[in-house]
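In listed order, ligands and their atoms are each counted from 1.
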Amino acid sequence: MSGATTTTILSEFICSKLEPSILQAVYNKTANDLATQMRSDIKALRENRPNLEKHILRSLAEKEDFEQYIEYIHNPRRHFKFFIKNEVKSYFTKQNKLILNIFKGNLKQKEQIVCNAVKAATVAVKSKSGDGNMWFRCFTKTLTDELKFTGDSCVDLSEIKDLDFLENFLSDSLKEKMTKLQDGFKSTDDIKMEKCRKTPDEHLIEHFCQCCWVQCPFCKAICTNTMEGHPGDHSVSFHRNTGLNGWHYRKTTNLSISICTTAVASDRSFHPNSSDNKVPWKEYRKAGRKYANWSITPDHSELPYWKWFVCRFQKDLETYYNKTFQGMGEIPHEWRQYTKKEALESLDKYM
Ligand SMILES: [Zn+2]
Ligand SMILES: [Zn+2]
């Protein structure tokens, strides 16, 4: 085979092998870039999980959707994921143009990297008077990390002596191929995000959800520690009233209105898991493992938000737990004074 024929074959081979590698790299980078972009554009995703939780509570209150509240209370991790996915979804519908630009920009950037690799290989091999085989090894080596491009040309490339011809021919073929590829992406509908190794939501979920998810055994508030399996006690700034979690007064069907932080200072007792075993609140840690590793310090810090919630969803909670806020669990008059606006303000003020 002549050098020119081998050059053509090699060019075609490289172009066809490069296209999927480039696309995959572009998808992966775009997903990562978008996750970063969303973390600056979307308020709820700007900081840490406590900030995200504040936005989730705000959104729950705005929607007043009891089902979603119940999911948040009993399966917070699932609800956080659901919330993040929704934020990403609405970002995608609102930011079409930006997403397309990021994707196409990455496509351009990868093309540039390949062009540079072609030129660099030519310069390096010419200085050593090498042939096509050496050129191909040099070219693939440069792109291994960037595009996971590896492999064998399957042909003997020693015929290729005119490296300038190879460089020009390959550069032209690449350009043509990449232009066609660019033109294929006209709108975000052409971008198939599921092709990303990790989608933007997966990046974000990983960022926000790798932390402690242990919930207070009384009120289900989530531990705020940023490390999963952290040493030391679980803790949270604000506990809620335990009726939210279905706790009720012994031998009644009255849902509890006591808040963990107040209860642990009282002289009352509770019965863990509705057993006969009576434990004084002041020694709550003695009730068993899931109680022992929580630090609940007595204070009067209460979030008006949860008082508003109980009043607003009293009927739903009563139906859900098949119990009522009556008797000992009579909702204090003071709780009913809070408006939704005040509830939301309390989130901004304290959380
Ligand atoms: Zn609690
Ligand atoms: Zn924890």
Ignoring hydrogens, what is the shortest heavy-atom contact between W308 and T339? Give both atom names and the distance. CD1-C, 3.8 Å
What I'd like to find out is whether the side chain of E47 reaches to under 4.5 Å of the side chain of H55, using heavy atoms alone. no
Check Y321, F218, F325 against W247 for a ring pair (Phe, Tyr, Trp, His ring centres under 6.0 Å) and give me the one that passes. F218
Roughly, to 10 degrees, what angle do C223 atom SG and C212 atom SG form around the Zn ion (ligand 2)? 110°
State the atom name: nearest N, O or S atom of H234 to the Zn ion (ligand 2). ND1
In sequence, state the C-alpha distance, the side-chain angles, and the governing distance for F309 and W306, and then conclude on ring-ring contact (aromatic ring centres under 6.0 Å, His included). CA-CA 5 Å; F309 168 76; W306 291 110; 5.3 Å; yes
Excluding waters, which protein N, O or S atoms are within less than 2.8 Å of the Zn ion (ligand 1)? C216 SG, C219 SG, H239 ND1, C260 SG
Distance-minimising heavy-atom pair for T199 and M193: CG2-O, 3.5 Å
Do you know the tightest heavy-atom contact between I191 and F185? CG1-CD2, 4.0 Å
Kindly determine whether F313 and F66 satisfy ring-ring contact (aromatic ring centres under 6.0 Å, His included), including the steps that lead there. CA-CA 7 Å; F313 293 100; F66 184 69; 5.7 Å; yes
